[in-house]
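Data first, discussion second: the structure below is written as structure tokens.
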Amino acid sequence: PIWMRKPDDITQDEYAAFYKSISNDWEEHAAVKHFSVEGQLEFRAVLFSPKRAPFDMFDGGQGKKKHNHIKLYVRRVFIQDN
């Protein structure tokens, strides 16, 4: 997975392709932050900031469940999403 690789080894095209595959956005991201945290808790992450907010960002009050596309992996094994 892209988040397990070193940030220096990943091109902007790879970040853009990964962002488009997980977000279903047709535009590229505005910013990306790729980091790792080590200590009592250890994890690696890639955070993307979209260029524009979703058109339905504030339409969550009519009983619709909003899906945020966050996926949880533990030791490289997919555990759950939404």
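Just so we're clear, the structure is a prediction, and the values are computed from it rather than from any experiment.
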### Task
Treating Ile, Leu, Val, Met, Phe, Trp and Tyr as nodes and any side-chain heavy-atom pair under 4.5 angstrom as an edge, say whether Phe43 and Met4 lie in one connected cluster.
no
### Straight-line distance of Glu28 CD to Gln12 CD, nearest 0.5 Å
8.5 Å
### Task
Describe, in one word, how the ring planes of Trp3 and Phe18 are oriented to each other, choosing from parallel (under 30°), tilted (30 to 60°) and perpendicular (over 60°).
tilted
Using atom types as modelled, flag every donor-acceptor pair under 3.5 Å from a side chain in residues 46-55 to any protein atom, sequence neighbours excluded.
| residue | atom | partner | partner atom | Å |
| --- | --- | --- | --- | --- |
| Arg52 | NE | Glu27 | OE1 | 3.0 |
| Arg52 | NH2 | Glu27 | OE2 | 2.8 |

### Message
Quick check: is Val37 connected to Ile2 through a chain of hydrophobic side chains (ILVMFWY, heavy atoms under 4.5 Å apart)?
### Response
no
### Which residues share a ring pair (Phe, Tyr, Trp, His ring centres under 6.0 Å) with His34, sequence neighbours left out
Tyr15
### Task
Write down the atom of Arg44, the atom of Ser36, and the distance for their closest heavy-atom approach.
CG-CB, 3.7 Å
